[in-house]
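Hydrogens, waters and symmetry mates play no part in the numbers below; they use all other heavy atoms, side chains included. In this chain, numbering begins with 1 at the start of the sequence shown.
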Amino acid sequence: MFSDAVLEGVSVESVWRKSQEGHRESRSCQTNPLKTKDACNQTCGIREMGTQTEKNVNQRTLDVDLGPLLDYPDLGQFLKRVEGVVIKELEKNLKSHAFDGFDVNWEEQNELVTCLHSLQYPEALELQLQVTSVSWNSTGSVVACSYGRLGDGDWSTEKSYVCTWNLDRRGFLPNHPDTVIDVQSSVMCLAFHPLQPSLIAGGLYNGEVLLWDTSRTDDPLIGRTGLTADTHTDAVYQVVWMHKKTQGHRHQVLSVSTDGKILVWQLDKEGHLVLLDGFALVTQQIPSNTKINKQGREDTAVGVTCFSFSHFDPSQFVVGVEGGYLLKCSASSQTLAAVSTDSSISLKAPAQFTFSPHRGPVYSVDCSPFHSFLL
């Protein structure tokens, strides 16, 4: 029979592990002592030298020392030669009214320009929108400001704003506009009506032109072009009221765009801005005294950025373009523009003359009210 039993354990010491243990030794080493040496150097001496020119015995005496004896033959001949031209210009200035009402102050003044108000709309600042245009109304008390983006306008539904402040209103708050108009595209330019203080025209990045009446608190929008075949296909950079050419009580607005078109709109009874007249600038119809590159297509547009009517002849106007040129144009031109467009009217080519160009785009132009085509 089998039975359980408990036996003592047996241990065997490993001889192999002891034979594999390594031997450790500590060693050290040191380099020979380093030798150092200090040295310095200094210049041995200093020498100074100088020179002076000799006096010129033929040196001309100063004019102030000659007094009444001053007489240059060349100067007298020059004065006789230009006398007629100078007299003519002096007579012209005598008849000019450029400085009527201007009082000369001969006393030195150190008045600094001070900031009266800092107008802002907090929601526009939160969206990091830029101020794209500013306009004063005809009373001089209300200023309008448009918010949008100058460099990277968005064709999408990014909101922008048109705000107005009445600086003469009691309780005026710089951070709280009296009127805030939401616009679904970036507003690029504004213009108050020159006679009616509540009317504002605006041009949008998507090519539309809108009219607002700030006296209507519920819905200030009174007219728009909409997105049609007549609408600009690029951003509108300036709008101008045509208050001298109204038909009845219908308002007319002129707009310019970098699509090369200058369009005149008229507000109908249904609140639509209808195309009334128009012009187009294309490279092949620019006067030959320019150096605009004309190697492309004949209907390549010349982008218009600014506009100004002549104060002496309403049929004459000047435009600035992206290429840096100023073009003198005529509204009475009957030459058809060489453009392929589905516009409801025939666009005309107005350019007559080109002024000397700038080296960059022209963003503003204004004809002088005192001299014909003095910019």
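Atom OG1 of Thr258 is separated from atom CG of Leu281 by 12.0 Å, given to the nearest 0.5 angstrom. Taking CZ from Phe312 and CZ from Phe370, the interatomic distance works out to 9.0 Å, rounded to the nearest 0.5 Å. A distance of 12.5 Å separates CD of Glu270 from CG of Leu273, quoted to the nearest 0.5 Å. Atom-to-atom distance recorded for Leu119:CG and Leu167:CG is 6.0 Å, nearest 0.5 angstrom. With rounding to the nearest 0.5 Å, the separation of CZ in Arg224 from NE2 in His272 is 9.5 Å. The CD atom of Gln120 sits 11.0 Å away from the SG atom of Cys163 when rounded to the nearest 0.5 Å.
In terms of heavy atoms, Phe317 sits closest to Pro350 at CZ-CB, 3.9 Å. Closest approach of Trp165 to Cys145, counting heavy atoms only: CZ3-CB, 3.8 Å. Across every non-hydrogen atom of Val239 and Ser255, the tightest pair is CG1-CB, 4.2 Å. The two residues Ala351 and Cys329 come nearest to each other via the heavy atoms CA-SG, 3.9 Å. Closest non-hydrogen pair, Thr139 versus Ser141, comes out as OG1-OG, 2.9 Å. Taking each heavy atom of Gly278 and Ile345 in turn, the nearest pair found is N-CD1, 3.6 Å.
Checked by atom type and distance alone, the side chain of Ser160 pairs as donor or acceptor with a backbone atom of Ser185 at under 3.5 Å. Side chain of Trp212 to main chain of Ala201: no donor-acceptor pair is present (N/O by atom type, distance under 3.5 Å, no hydrogens or angles). Using a distance-only test at 3.5 Å, with no hydrogens or angles considered, no donor-acceptor pair links the side chain of Arg81 to the main chain of Gly76. Proximity of a side-chain donor or acceptor of Tyr147 to a complementary backbone N or O of Tyr121 within less than 3.5 Å is detected. For the pair Asp74 (side chain) and Gln77 (backbone), a donor-acceptor distance under 3.5 Å is absent. Using a distance-only test at 3.5 Å, with no hydrogens or angles considered, no donor-acceptor pair links the side chain of Ser332 to the main chain of Ser315. Gln285 places a side-chain N or O within 3.5 Å of a backbone atom of Leu336 that can act as its donor or acceptor partner. No donor-acceptor distance shorter than 3.5 angstrom exists from the side chain of Glu322 to the backbone of Val302, with no hydrogens or angles considered. No donor-acceptor pair under 3.5 Å is formed between the side chain of Asp234 and the backbone N or O of Ser257. A distance-only check finds a donor-acceptor pair linking the side chain of Asp268 to the backbone of Gly271 [under 3.5 Å].
Side-chain heavy atoms closer than 4.5 Å link hydrophobic residues (I, L, V, M, F, W, Y) into clusters, and following such links, even through other members, never connects Leu90 to Val85. Using a 4.5 Å cut-off between side-chain heavy atoms of Ile, Leu, Val, Met, Phe, Trp and Tyr, with links allowed through other members, Val180 and Val143 fall into the same hydrophobic cluster. The cluster map of Ile, Leu, Val, Met, Phe, Trp and Tyr, joined by side-chain heavy atoms under 4.5 Å apart, puts Leu204 and Val274 in different clusters. Tyr161 and Leu190 fall into different hydrophobic clusters, defined by Ile, Leu, Val, Met, Phe, Trp and Tyr side-chain heavy atoms under 4.5 Å apart, directly or through other members. In terms of hydrophobic clustering, with Ile, Leu, Val, Met, Phe, Trp and Tyr side chains grouped at heavy-atom distances under 4.5 Å, Val131 and Trp136 are assigned to a common cluster.
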Q.
Please determine whether side-chain contact (heavy atoms from CB on, under 4.5 Å) holds for the pair Thr225 and Glu208, giving the CA-CA distance in whole Å, both sets of side-chain angles, and the decisive distance to 0.1 Å.
A. CA-CA 6 Å; Thr225 59; Glu208 280 193 274; 3.9 Å; yes
Q | Verdict with reasoning, Glu123 to Leu127, per side-chain contact (heavy atoms from CB on, under 4.5 Å) | A | CA-CA 7 Å; Glu123 292 189 20; Leu127 296 175; 5.9 Å; no
Q: Under the side-chain contact (heavy atoms from CB on, under 4.5 Å) rule, what do Val256 and Val236 come out as? Steps first, then yes or no, please.
A: CA-CA 6 Å; Val256 301; Val236 178; 5.8 Å; no
Q: Carefully, step by step, assess His193 and Ser138 under the rule side chain to side chain donor-acceptor pair (under 3.5 Å).
A: CA-CA 7 Å; His193 192 281; Ser138 58; over 6 Å; no
**Q.** Check against side chain to side chain donor-acceptor pair (under 3.5 Å), Thr228 and Thr231
**A.** CA-CA 5 Å; Thr228 66; Thr231 312; 3.2 Å; yes
Q: Let me see the working for Asp230 and Trp265 under side-chain contact (heavy atoms from CB on, under 4.5 Å), right down to the final yes or no.
A: CA-CA 10 Å; Asp230 291 333; Trp265 307 90; 4.1 Å; yes
**Q.** Trace of the side chain to side chain donor-acceptor pair (under 3.5 Å) decision for Ser146 with Ser133
**A.** CA-CA 5 Å; Ser146 61; Ser133 184; 4.6 Å; no
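Every residue was checked against the ring-ring contact (aromatic ring centres under 6.0 Å, His included) condition with Tyr363, not counting sequence neighbours, and none meets it. Residues forming a ring-ring contact (aromatic ring centres under 6.0 Å, His included) with Tyr237 (at least two apart in sequence, or on another chain): none.
Met242 has its side chain out of reach of Val253: every pair of non-hydrogen atoms, C-beta onward, lies at least 4.5 Å apart. Using a 4.5 Å cut-off on side-chain heavy atoms (C-beta onward), Leu276 and Gln252 make contact. In this structure, Leu263 and Leu254 have side chains that are not in contact, with every pair of non-hydrogen atoms separated by 4.5 Å or more. With a 4.5 Å cut-off on side-chain heavy atoms, Val321 and Val362 do not count as touching. Residues Leu210 and Leu221 have side chains in contact (heavy-atom distance under 4.5 Å, counting atoms from C-beta outward). In this structure, Arg149 and Leu129 have side chains that are in contact, with non-hydrogen atoms separated by less than 4.5 Å. The shortest distance between side-chain heavy atoms of Met188 and Gln238 does not fall below 4.5 Å. Looking at Cys367 and Val318, their side chains come closer than 4.5 Å, going by heavy atoms from C-beta outward.
Ionic pairing of Lys348 and Asp277 is present here: one or more N-O contacts between side-chain nitrogen and carboxylate oxygen are shorter than 4.0 angstrom. Salt bridge annotation for Glu89-Lys92: present, with a cationic side-chain nitrogen under 4.0 angstrom from a carboxylate oxygen.
Annotation: salt bridge (charged side-chain N to carboxylate O under 4.0 Å, His left out) contacts involving residues 160-174, sequence neighbours excluded, comprise Arg169-Asp178.
Here Phe172 and His117 bring their ring centres to under 6.0 angstrom of each other. Ring centroid separation for the pair Tyr325 and Phe355 does not come in under the 6.0 Å cut-off.
Among Leu326, Leu327, Thr305, the single residue meeting the side chain to side chain contact (heavy atoms under 4.5 Å, CB included) criterion with Val365 is Leu326. Tested against Ser198, the residues Thr179, Thr214, Asp213, Thr164 include a single side-chain hydrogen bond (donor to acceptor under 3.5 Å, both in side chains) partner, Asp213.
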